[in-house]
Amino acid sequence: MSGHGEAVPMRSSAAGPLKGEARVPGDKSISHRALILGAMAVGETRITGLLEGGDVLDTGRAMSALGATLEHHGPGAWSVHGVGVGGFREPEGVIDCGNSGTGVRLLMGAVATHDMRVTFTGDASLSGRPMGRVTDPLSGFGTRAEGREGGRLPMTVIGAAEPVPVRYVTPVPSAQVKSAILLAGLNAPGETVVIEREPTRDHTERMLAGFGASIRTEHGEEGHVITLTGRPELRPQDIAVPRDPSSAAFPVCAALIVPGSDVLVPGIGLNPTRNGLFETLREMGADLSYENPREEGGEPVADLRARYSPDMKGIDVPPSRAASMIDEYPILSVVAANAAGRTEMRGVKELRVKESDRIDAMARGLRACGVAVEEGEDWWAIEGCGAGGVAGGASCETRLDHRIAMSFLCLGMAARAPVGIDDAGPIATSFPIFQELMTGLGARFDKMTEGATA
């Protein structure tokens, strides 16, 4: 069963060349943050290009429940009338974050320093994920959290009545944890400090500065030090959300493995803390090129062209790159299966606690499709079959994980036999136009009856 309705089994078959423009949705990370910071500003924030997937819309509903006013003006166009820092009201009901780990963790941070109780829930996948990595550091502000065994949803966050600022060293790279602490720090007096040993995606810092917060980033002996001065008056902004590189990864990677393909993704965000996948693909020998580089809304943007690349080779992906591409390892493993030689990915234990255990989910499905995979707690390796060498022919379990579902559908486009998935429903949480966009480029998808094999 999908967390958003009945399961939607689907099958992907070998496609002809993928051709055309892939106008992927707006960046999910930036969309979440635009809604939250717009709600914490004083006045009207106008947003264009907002991702209107389930995850982001759940965050929008949460902002309304907390007192902000949202208006929809057309596809991707929204305005948020904010209540100011410290202005959230206690919601009357439970806040349902659906499938979104980003949404729930950022929201927990945003309410942590307000004197109120907020209960969060989510779908079956989200409710199985531990929240301690966020609630533990938030306790430093004076916040308490009461949830199910193992720190799982449903969970009630009891905000600090008299919050104090924190200084926190992140034990593992996590933009979600960093961002939750910074959002909590907005309504705490003094300076809140987050120290990262390895930099993670910096959308929160960029947007906080754009909204007028006093925030600075320094590189020192401790690592990457981010200092935020609390209780600013945030100014409303006009935000143009760039296209999501994590969503662009799917048409780009499919183009690299489907013979004759040539796909252009216009206006893709190229934040240096998010471009690890494209750097890795080029090292493997992918034919990728950036066109018309520019800056929009404080973020670097370009048009990205991907062409079929039959001579790609396996590589060792540096562990230091994991933070800049953590969501893209599932689709990278599909490319690695179609490359020649071994691809090793290390320092990726965070994949074990995403929407699913993504290492295990991808490893099982790839093996069923004839690909050799080895794995450990924080690493995995793919023995590539070479261009056109993946057998396919299996039906793969997606585990309510949108990126697992899209990755296996891309695998089927280049495999010798179709590849099925048990549920395409969760794709709508992050990429609601995925099927329409991919079939428009030339992909072949068919709905299956439950229990059917690929």
Side-chain angles (χ1 to χ4, degrees), residues 32-33 35-42 58-70 80-97 100-122 126-127 129-148 150-168 170 174 176-194 204 207-208 211 213 215 226 228-234:
H32 280 299
R33 289 159 172 82
L35 291 173
I36 293 171
L37 289 176
M40 300 179 81
V42 176
D58 284 335
T59 292
R61 283 186 280 270
M63 293 301 96
S64 295
L66 290 165
T69 301
L70 276 68
V80 182
H81 299 267
V83 296
V85 171
F88 285 151
R89 70 182 182 207
E90 184 166 306
E92 294 182 2
V94 174
I95 289 181
D96 189 342
C97 292
S100 180
T102 299
V104 71
R105 290 181 175 120
L106 267 57
L107 289 169
M108 284 181 173
V111 305
T113 48
H114 291 69
D115 185 12
M116 60 186 184
R117 299 171 66 96
V118 184
T119 299
F120 296 92
T121 190
L126 187 61
S127 296
R129 300 172 64 182
M131 294 293 136
R133 61 193 301 196
V134 168
T135 57
D136 288 349
L138 292 179
S139 68
F141 290 99
T143 307
R144 294 188 294 118
E146 299 173 354
R148 291 169 55 220
R152 302 177 195 277
L153 303 180
M155 176 173 284
T156 298
V157 172
I158 301 100
E162 297 181 4
V164 295
V166 304
R167 180 181 180 87
Y168 186 74
T170 57
S174 174
Q176 293 178 1
V177 173
K178 171 183 67 177
S179 297
I181 296 168
L182 292 174
L183 290 172
L186 282 173
N187 197 38
E191 292 187 336
T192 290
V193 180
V194 181
T204 301
M207 293 185 73
L208 280 168
F211 274 89
I215 187 168
I226 304 139
L228 171 72
T229 301
R231 296 184 172 165
E233 181 171 308
L234 299 183

If every non-hydrogen atom of [X] is compared with every non-hydrogen atom of [Y], which pair is closest and at what distance?
X	Y	value
Arg105	Pro130	NH2-O, 3.0 Å
Ala68	Val80	CB-CG1, 4.4 Å
Met155	Met108	SD-CE, 3.7 Å
Pro154	Thr121	CG-OG1, 3.9 Å
Val166	Gly140	CG1-C, 3.4 Å
Pro91	Ile95	CG-CD1, 4.2 Å

Do the non-hydrogen side-chain atoms of [X] and [Y] ever get within less than 4.5 Å of each other?
X	Y	value
Met131	Leu126	yes
Ser179	Met207	no
Thr170	Val194	yes
Thr59	Cys97	no

Please check if the side chain of Thr113 supplies one atom and the backbone of Ala160 the other of a donor-acceptor pair under 3.5 Å.
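Checked: no pair found.
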
Are more than 12 heavy atoms, taken from residues, nucleotides or ligands other than Arg144, located less than 6.0 Å from that residue's CZ atom?
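Counting neighbours around CZ of Arg144, 12 or fewer heavy atoms of other residues, nucleotides or ligands fall under 6.0 Å, so no.
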
Check the surroundings of atom CD in Glu233: do more than 12 heavy atoms from other residues, nucleotides or ligands lie under 6.0 Å from it?
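Counting other residues, nucleotides and ligands, CD of Glu233 stays at 12 neighbours or fewer.
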
Find the distance between [atom1] ([X]) and [atom2] ([Y]) and round it off to the nearest 0.5 Å.
X	Y	atom1	atom2	value
Leu183	Leu37	CG	CG	6.0 Å
Ile36	Leu106	CD1	CG	4.5 Å
Asn187	Thr192	CG	OG1	10.0 Å
Leu228	Ile181	CG	CD1	11.5 Å
Thr119	Ile158	OG1	CD1	8.0 Å
Met63	His32	CE	NE2	10.5 Å

Side chain to side chain contact (heavy atoms under 4.5 Å, CB included), that's the test. Do Leu35 and Leu70 meet it? Break it down for me.
CA-CA 9 Å; Leu35 291 173; Leu70 276 68; 4.1 Å; yes

Begin with the C-alpha distance, continue with both residues' side-chain angles, and end with the deciding distance and a verdict on side chain to side chain contact (heavy atoms under 4.5 Å, CB included) for Arg117 and Glu90.
CA-CA 7 Å; Arg117 299 171 66 96; Glu90 184 166 306; 4.3 Å; yes

Step-by-step side chain to side chain contact (heavy atoms under 4.5 Å, CB included) determination, Met40 to Leu186
CA-CA 9 Å; Met40 300 179 81; Leu186 282 173; 3.8 Å; yes

As a test of understanding, state which of Val111, Thr156, Asp96, Val94 forms a side-chain contact (heavy atoms from CB on, under 4.5 Å) with Phe120.
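The residue from Val111, Thr156, Asp96, Val94 that satisfies side-chain contact (heavy atoms from CB on, under 4.5 Å) with Phe120 turns out to be Val111.
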
Please name all residues satisfying ring pair (Phe, Tyr, Trp, His ring centres under 6.0 Å) with Phe88, sequence neighbours left out, ordered by chain then number.
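So Phe88 forms a ring pair (Phe, Tyr, Trp, His ring centres under 6.0 Å) with His114.
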
